[in-house]
There are 2 protein chains.
Amino acid sequence: MDQLEEKTINTKHIYKGAIIDVTVDDVQLPNGEQSKRELVKHPGAVAVIALTDDNKLLMVKQYRKPMESSSIEIPAGKLEEGEEPILTARRELEEETGYTTDQLHYITSFYSSPGFSDEYLHLYWTDQVTKLEIRPDLDEDEFVELYEADIAQIDEWIKKKEIQDLKTLFAVQYLKLNK
Amino acid sequence: MDQLEEKTINTKHIYKGAIIDVTVDDVQLPNGEQSKRELVKHPGAVAVIALTDDNKLLMVKQYRKPMESSSIEIPAGKLEEGEEPILTARRELEEETGYTTDQLHYITSFYSSPGFSDEYLHLYWTDQVTKLEIRPDLDEDEFVELYEADIAQIDEWIKKKEIQDLKTLFAVQYLKLNK
């Protein structure tokens, strides 16, 4: 029993989209009163810390419409329905970087923004990557630039705010603590 | 000029809520084709790393409806319109923990989930906190439990998945790297 639980009394469906669904739930609070919760449902995602043979981190620059700017991040992508997260991770690594691996190791999972969204990310790492002869196609609305960066370069990008993505900042700290 | 830029051609307003607004934008891609972007607008937020005199981290447990479970996190909260982030940080610290400080130091800012949301978080730290004689009221729909935790306790919570919030996991790594 979770004494802080907020029980759902009613769910109002606001929007069913390609990636997100939005609902507004009426909930019963622990004190018996009612309130509303705006909820963004997301299919979940993966992200990959991938190090090359010369210890560079594979990173991709892409336009992030919510930021209205480009953002340098570790490779990542949404889960497809029924797809095992570790397979999503390998697929996204291949599509976004042109590298593959058969040595993906699970690190942890986390909620990116649990106040309003159920987006749940699974993080993997590998230091065993090989370049594909033929790079698979990206999604048709996806445009990325590939970088292979050392820590000094990454710290410079953080300073210049070219990296402002929380999962990537977490990954960089993880590398500093563990590699 | 950002060559990866996605220009907005049209914005469709889907939902205007208490915390989030949702739009679907038609965008022009770098190759001239069009696509849609689902966007969740958020007012932005703050989070605080607050250490007590005996080097414990102030943490709050609260129910997170998107997770359908309780979550242990560092104190955090949304920006009020026109409020300086550092003042939001002190206010949220006071409301959620009953401690205050006049020594908040800025660490960094980040996007929690830049694929679909513009939520931008400002992170602060302090190791100078004092207990308020009278704890200010929380929002009327907010229920939290306060913890003062050392690193061993925090690592145990991470292992048990009682901490799965990305900003909190980032903050814990930050402490390990910097304090």
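Source: prediction; values computed, not measured. Each chain gets a letter, A, B and so on, in the order the sequences are listed, and its residues count up from 1. All heavy atoms count here, side chains included; hydrogens, waters and symmetry mates do not.
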ILVMFWY network linking A:Phe170 to A:Met59, side-chain heavy atoms under 4.5 angstrom:
yes
Using the rule that two of Ile, Leu, Val, Met, Phe, Trp, Tyr join whenever any of their side-chain heavy atoms come within less than 4.5 Å, decide whether A:Leu123 and A:Val46 are in one cluster.
no
Side-chain contact, heavy-atom cut-off 4.5 Å: B:Leu29 with A:Phe143?
yes
Cluster check A:Leu166, A:Ile74: I/L/V/M/F/W/Y, side chain < 4.5 angstrom:
yes
Group every Ile, Leu, Val, Met, Phe, Trp and Tyr by side-chain heavy-atom contacts under 4.5 Å, then state whether B:Ile154 and B:Ile72 land in the same group.
yes
Any non-hydrogen side-chain atom of B:Ile19 less than 4.5 Å from a side-chain atom of A:Phe116?
no
Which one, A:Ile158, A:Leu169, A:Val27, leads in non-hydrogen pairs under 4.5 Å with chain B?
A:Leu169
If the cut-off is 3.5 angstrom, what donor-acceptor pairs do you find between chain A and chain B?
unit_1: A:Asp2; atom_1: OD1; unit_2: B:Ser70; atom_2: OG; d: 2.8
unit_1: A:Asp2; atom_1: OD2; unit_2: B:Ser70; atom_2: N; d: 3.2
unit_1: A:Asp2; atom_1: OD2; unit_2: B:Ser70; atom_2: OG; d: 2.7
unit_1: A:Gln3; atom_1: NE2; unit_2: B:Glu145; atom_2: OE2; d: 3.0
unit_1: A:Glu6; atom_1: O; unit_2: B:Lys65; atom_2: NZ; d: 2.7
unit_1: A:Thr8; atom_1: OG1; unit_2: B:Lys65; atom_2: NZ; d: 2.5
unit_1: A:Tyr15; atom_1: OH; unit_2: B:Glu38; atom_2: OE2; d: 2.9
unit_1: A:Ala18; atom_1: N; unit_2: B:Glu38; atom_2: OE2; d: 2.5
unit_1: A:Ile19; atom_1: N; unit_2: B:Glu38; atom_2: OE1; d: 3.0
unit_1: A:Ile20; atom_1: N; unit_2: B:Glu38; atom_2: OE1; d: 3.0
unit_1: A:Ser35; atom_1: OG; unit_2: B:Asp141; atom_2: OD2; d: 3.0
unit_1: A:Arg37; atom_1: NH1; unit_2: B:Asp141; atom_2: OD2; d: 2.9
unit_1: A:Arg37; atom_1: NH2; unit_2: B:Asp141; atom_2: O; d: 3.0
unit_1: A:Glu38; atom_1: OE1; unit_2: B:Ile19; atom_2: N; d: 2.9
unit_1: A:Glu38; atom_1: OE1; unit_2: B:Ile20; atom_2: N; d: 3.0
unit_1: A:Glu38; atom_1: OE2; unit_2: B:Tyr15; atom_2: OH; d: 2.8
unit_1: A:Glu38; atom_1: OE2; unit_2: B:Ala18; atom_2: N; d: 2.5
unit_1: A:Lys65; atom_1: NZ; unit_2: B:Glu6; atom_2: O; d: 2.7
unit_1: A:Lys65; atom_1: NZ; unit_2: B:Thr8; atom_2: OG1; d: 2.6
unit_1: A:Ser70; atom_1: N; unit_2: B:Asp2; atom_2: OD2; d: 3.2
unit_1: A:Ser70; atom_1: OG; unit_2: B:Asp2; atom_2: OD1; d: 2.8
unit_1: A:Ser70; atom_1: OG; unit_2: B:Asp2; atom_2: OD2; d: 2.7
unit_1: A:Tyr111; atom_1: N; unit_2: B:Gln164; atom_2: O; d: 2.7
unit_1: A:Tyr111; atom_1: O; unit_2: B:Leu166; atom_2: N; d: 3.0
unit_1: A:Ser113; atom_1: OG; unit_2: B:Glu119; atom_2: OE1; d: 2.4
unit_1: A:Glu119; atom_1: OE1; unit_2: B:Ser113; atom_2: OG; d: 2.4
unit_1: A:Tyr120; atom_1: OH; unit_2: B:Gln164; atom_2: OE1; d: 2.5
unit_1: A:Asp141; atom_1: O; unit_2: B:Arg37; atom_2: NH2; d: 3.0
unit_1: A:Asp141; atom_1: OD2; unit_2: B:Ser35; atom_2: OG; d: 3.0
unit_1: A:Asp141; atom_1: OD2; unit_2: B:Arg37; atom_2: NH1; d: 2.9
unit_1: A:Glu145; atom_1: OE2; unit_2: B:Gln3; atom_2: NE2; d: 3.0
unit_1: A:Gln164; atom_1: O; unit_2: B:Tyr111; atom_2: N; d: 2.6
unit_1: A:Gln164; atom_1: OE1; unit_2: B:Tyr120; atom_2: OH; d: 2.5
unit_1: A:Leu166; atom_1: N; unit_2: B:Tyr111; atom_2: O; d: 3.0

Pair count under 4.5 Å, heavy atoms only, with chain B: among A:Leu177, A:Val144, A:Leu39, A:Val24, highest is A:Leu177
Under 4.5 Å between any side-chain heavy atoms of A:Val22 and B:Ile14, yes or no?
no
What I'd like to find out is whether the side chain of A:Ile163 reaches to under 4.5 Å of the side chain of B:Phe110, using heavy atoms alone.
no
State yes or no: do B:Val48 and B:Ile107 share one hydrophobic cluster built from I, L, V, M, F, W and Y residues joined by side-chain heavy-atom distances below 4.5 Å, directly or via other members?
no
Side chain, backbone, both or neither: which part of B:Ala18 has an atom under 4.5 Å from a heavy atom of chain A?
both
